[in-house]
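These numbers were taken from a predicted model, which means no experiment stands behind them.
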Amino acid sequence: MQEITLEKQPNQQFSITLGGAAYAISLRTLENGATLADITKDNEPLISGQLCRGNELLLPYPYKARGGNFLFTTADGRYPSYTDFGGSCRFYFISAEELANANAAA
């Protein structure tokens, strides 16, 4: 797993290369504090307006996660909040190989 450092601020977007693919990630904060994600890989939209949940993979379908997946870890499974980024809430990229190894071990 590779940690992706997030700013401790709402409504951020950035581009990053992971596993040889170019990802564009947008994190939006709603009034109630929930975080929504948009992720594009090599200019192909993977998700749009996906509600982020703590300790659950962000890309919901295996065919979307062929190159890897993303995960917010949070204390006690709480919803990710920008106020906790870098503290009790961390954001990770999990490579396709790591996902395959985890599935094989399960």
Side-chain angles (χ1 to χ4, degrees):
M1 280 194 316
Q2 177 181 343
E3 184 172 2
I4 300 170
T5 303
L6 298 176
E7 300 293 324
K8 201 169 191 169
Q9 65 182 22
N11 305 318
Q12 52 189 289
Q13 56 187 356
F14 56 93
S15 296
I16 189 169
T17 300
L18 300 162
Y23 289 90
I25 299 172
S26 174
L27 302 173
R28 294 176 284 144
T29 304
L30 300 178
E31 285 184 23
N32 65 3
T35 302
L36 301 180
D38 303 327
I39 299 179
T40 301
K41 175 185 172 191
D42 294 331
N43 296 317
E44 177 187 338
L46 298 179
I47 56 171
S48 180
Q50 176 77 27
L51 177 64
C52 300
R53 300 179 196 281
N55 308 322
E56 291 184 19
L57 294 173
L58 198 50
L59 301 176
Y61 305 108
Y63 75 93
K64 296 229 179 214
R66 281 182 286 205
N69 210 324
F70 296 88
L71 174 74
F72 278 101
T73 60
T74 60
D76 301 325
R78 290 183 283 160
Y79 286 92
S81 171
Y82 76 89
T83 59
D84 298 325
F85 289 171
S88 63
C89 179
R90 305 221 178 230
F91 189 52
Y92 295 94
F93 174 75
I94 306 167
S95 71
E97 182 178 308
E98 290 170 319
L99 288 169
N101 290 340
N103 288 336

4.5 Å side-chain heavy-atom contact, Thr35 and Tyr79:
no
Please check: side-chain N/O of Glu3 versus main-chain N/O of Tyr92, any donor-acceptor pairing under 3.5 Å?
no
Do the side chain of Thr17 and the main chain of Gly20 share a donor and acceptor less than 3.5 angstrom apart?
no
Indicate yes or no for a side-chain donor-acceptor contact from Lys41 to the backbone of Tyr23 under 3.5 Å, with no hydrogens or angles considered.
no
Would you say that Glu56 contacts Phe72 through its side chain, given a criterion of any heavy-atom pair below 4.5 Å between the two side chains?
no
Check the hydrophobic clustering (I, L, V, M, F, W, Y; side-chain heavy atoms under 4.5 Å; chains of links allowed) and say if Leu58 and Ile4 are grouped together.
yes
Side-chain heavy atoms under 4.5 angstrom apart, residues restricted to Ile, Leu, Val, Met, Phe, Trp, Tyr: same cluster for Phe93 and Met1?
no
Nearest non-hydrogen partners of Cys89 and Pro80, listed with the distance:
SG-CB, 3.8 Å
Indicate yes or no for a side-chain donor-acceptor contact from Asn69 to the backbone of Leu57 under 3.5 Å, with no hydrogens or angles considered.
no
Quick one: are Ile47 and Pro60 in side-chain contact, heavy atoms under 4.5 Å?
yes
Evaluate the side-chain contact (heavy atoms from CB on, under 4.5 Å) criterion for residues Leu27 and Leu36: first the C-alpha distance (whole Å), next the side-chain angles of each, then the deciding distance (0.1 Å), finally the verdict.
CA-CA 6 Å; Leu27 302 173; Leu36 301 180; over 6 Å; no
Is the shortest side-chain heavy-atom distance between Asp38 and Pro45 below 4.5 Å?
no
What distance do Ser88 atom OG and Arg78 atom CZ have between them, rounded to the nearest 0.5 Å?
5.0 Å
For the residue pair Arg90 and Thr5, establish whether any side-chain heavy-atom pair is separated by less than 4.5 Å.
no
Could you tell me whether a side-chain N or O of Lys64 sits under 3.5 Å from a main-chain N or O of Leu59, the two making a donor and an acceptor?
no
Do Tyr82 and Asp84 have side-chain heavy atoms sitting under 4.5 Å apart?
no
Shortest non-hydrogen pair, Asn11 vs Arg28, comes out as OD1-CA, 3.4 Å
Nearest heavy atoms of Leu51 and Ala34, plus distance in Å
CD1-CB, 3.9 Å
In the structure I gave you, are the side-chain heavy atoms of Phe14 and Leu6 within less than 4.5 Å of one another anywhere?
yes
Would Phe91 and Phe85 show up in the same hydrophobic cluster when neighbours are defined by side-chain heavy atoms closer than 4.5 Å?
yes
So do the side chains of Ile25 and Phe70 get within less than 4.5 Å of each other, counting heavy atoms only?
yes
